[in-house]
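Encoded as structure tokens, the structure appears first; notes follow it.
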Amino acid sequence: MENLIIVGTGCAGLTAAIYASRANLSPLVLQGKLPGGQLTTTTLVENFPGFPEGVDGPDLIMRMQQQAEKFGARFQYGFVEEYEHLGTHSRLKIDGEWVETRALIVASGASPRYLGIDREHELIGHGVTSCATCDGAFYRNVPVCVVGGGDSACEEATFLTRFASTVYLIHRRDTLRASKIMADRALANPKVKPVWNSAITEYITDESGEVTSVKLKDLVTGEISDLEVKCVFVAIGHEPNTAAFRGKLDTDENGYLIQVEGTRTNLPGVFAAGDVADHVYRQAITAAGQGCAAAIDAERWLATLE
């Protein structure tokens with residue numbers, strides 16, 4: 001039986017692995033469908049402390065994994081298919097095989113929803129993104145667009161007015177579904193230009209593969225037009241990676257794990273960290289902080305069993 005299994009290798013999972021391995025817990029860390037998490041799709045991270053010149057996202061993840069391995073963390077490629085709590089410990093079905101563990105940290109993150117347009121995923125980091133806080137500063141004095149109609153889209157659009165020359169807010173309907181205060185704040189900003197009843201159908205790129213414009217379809221008239229933008233910020237929500245744990249661990253109405261007393265979940269010995277439980281901040285540094293807290297919580301809980 002394992003002492004500790006950590007599910008996920010984003011900033012939360014890797015920080016948990018560093019702390020847990022330094023506590024001699026020899027954690028088993030599971031790398032799922034996207035090893036390294038969302039940070040591996042970011043070309044340059046400028047807001048992670050300690051890197052004044054910025055750091056390449058995949059490079060930061062690689063360094064964190066090497067640091068965890070240095071202290072004894074073990075890494076395994078595997079996807080959690082099922083989960084059961086057995087009262088005194090947990091077990092997970094990993095690629096068809098059951099593995100038992102005394103403590104568990106779920107740091108499996110959340111996946112941003114995208115539009116499903118051709119070439120979209122290859123353009124992430126090249127003019128397509130889901131995080132204005134992460135990437136907004138790269139697009140100073142150029143036009144950009146935000147896709148969505150909820151609070152997140154309005155918040156992203158308002159934030160981007162600090163950098164972009166114009167922020168087009170593209171929505172499939174003729175009114176926003178955001179709360180009135182968020183919608184009013186966004187639409188009152190002179191840099192925000194709403195584009196109603198419209199959907200992006202195609203990304204247009206230059207010879208270097210960077211987005212230069214998008215094709216828009218008017219959903220009322222069917223008319224196709226071009227809109228010059230240097231980046232598309234997709235703000236249509238995230239999907240927490242909690243499928244294997246639903247019905248076992250408490251979640252909110254959107255599927256995010258609920259934390260109590262720090263990083264604890266509703267089941268003893270099971271902890272949650274990072275974007276799998278955080279739908280508010282969703283930053284690398286906040287995920288890392290929660291990973292640290294979860295490892296300490298797990299270490300202290302294991303100590304009570306001895």
Side-chain angles (χ1 to χ4, degrees), residues 4-23 25-80 94-95 104-112 114 120-126 128-138 234 238-242 257 263 271-279 281-296 298:
L4 173 65
I5 289 179
I6 300 169
V7 180
T9 52
C11 282
L14 291 176
T15 305
I18 292 168
Y19 273 77
S21 57
R22 290 188 74 248
L25 296 180
S26 185
L28 175 63
V29 189
L30 299 178
Q31 300 172 299
K33 292 182 177 179
L34 182 60
Q38 294 184 55
L39 212 60
T40 58
T41 66
T42 303
T43 52
L44 184 65
V45 181
E46 290 190 315
N47 54 8
F48 199 91
F51 296 92
E53 304 303 322
V55 60
D56 183 69
D59 183 48
L60 178 59
I61 288 295
M62 181 181 67
R63 293 188 192 191
M64 294 174 75
Q65 178 169 335
Q66 290 172 343
Q67 191 173 359
E69 289 176 324
K70 173 184 175 181
F71 295 115
R74 296 166 294 129
F75 286 79
Q76 173 183 321
Y77 287 100
F79 182 70
V80 179
I94 304 166
D95 293 340
L104 172 67
I105 295 175
V106 182
S108 47
S111 301
Y114 283 99
E120 186 167 51
H121 282 281
E122 69 185 62
L123 291 174
I124 294 173
H126 300 279
V128 177
T129 180
S130 64
C131 182
T133 305
C134 309
D135 300 323
F138 296 126
V234 183
H238 286 70
E239 189 72 31
N241 301 321
T242 54
L257 296 183
T263 64
F271 307 87
D275 288 12
V276 76
D278 171 24
H279 56 85
Y281 301 106
R282 292 198 297 261
Q283 297 300 301
I285 191 63
T286 53
Q290 286 206 357
C292 162
I296 292 172

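These numbers come from the heavy atoms of this one structure, side chains and all, not from hydrogens, waters or symmetry mates.
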If I take atom CD from residue Gln31 and atom CD1 from residue Ile6, how far apart are they, to the nearest 0.5 angstrom? 11.5 Å
In this structure, OG1 of Thr133 is separated from CG of Asn47 (nearest 0.5 Å) by 8.0 Å
Give the minimum heavy-atom separation between Phe271 and Ala298, together with the two atoms involved. CE1-CA, 3.5 Å
Which pair of non-hydrogen atoms, one from Gln283 and one from Cys131, has the smallest distance, and what is that distance? NE2-SG, 4.0 Å
Would you say OH of Tyr281 has more than 12 non-hydrogen atoms from neighbouring residues, nucleotides or ligands within 6.0 angstrom? no
Looking at every heavy atom in both Ala12 and Gly274, which two are closest together, and how far apart are they? CB-CA, 3.8 Å
For Arg22, all residues meeting salt bridge (charged side-chain N to carboxylate O under 4.0 Å, His left out), sequence neighbours excluded: none
Determine whether Cys11 and Met64 make a side-chain contact, defined as any pair of heavy atoms from C-beta on separated by less than 4.5 Å. yes
Side-chain (Thr9) to main-chain (Gly36) donor-acceptor, under 3.5 angstrom: yes
Contact between Pro240 and Leu257 at the side-chain level, heavy atoms closer than 4.5 Å - yes or no? no
Find the distance between CZ (Phe48) and CD1 (Ile285) and round it off to the nearest 0.5 Å. 4.0 Å
Nearest-0.5 Å distance, CZ of residue Arg74 to CD of residue Glu69: 11.5 Å
Would Leu14 and Phe75 count as a side-chain contact (heavy atoms from CB on, under 4.5 Å) if you check the C-alpha gap in whole Å, the side-chain angles of each, and the deciding distance to 0.1 Å? CA-CA 10 Å; Leu14 291 176; Phe75 286 79; 3.5 Å; yes
Tell me whether Arg282 is salt-bridged to Asp278, with the criterion being a basic N under 4.0 Å from an acidic carboxylate O. no
Please round to the nearest 0.5 Å and tell me the distance separating atom CG of Leu30 and atom CD1 of Ile105. 11.5 Å
Closest non-hydrogen contact found for Val29 with Ala73 is CG2-CB, 4.3 Å
Spatial distance of atom CD (Glu239) from atom CG (Asn241) [nearest 0.5 Å]: 8.0 Å
Ala17 and Ser21 have their tightest heavy-atom pair at O-OG, 2.7 Å
Could you tell me which non-hydrogen atom of Thr129 sits nearest to which non-hydrogen atom of Tyr114, and how far apart they are? C-OH, 4.1 Å
Name all residues meeting the disulfide bond (SG atoms under 2.5 Å apart) criterion together with Cys292; count only those two or more places apart in sequence or in a different chain, and write none if there are none. none
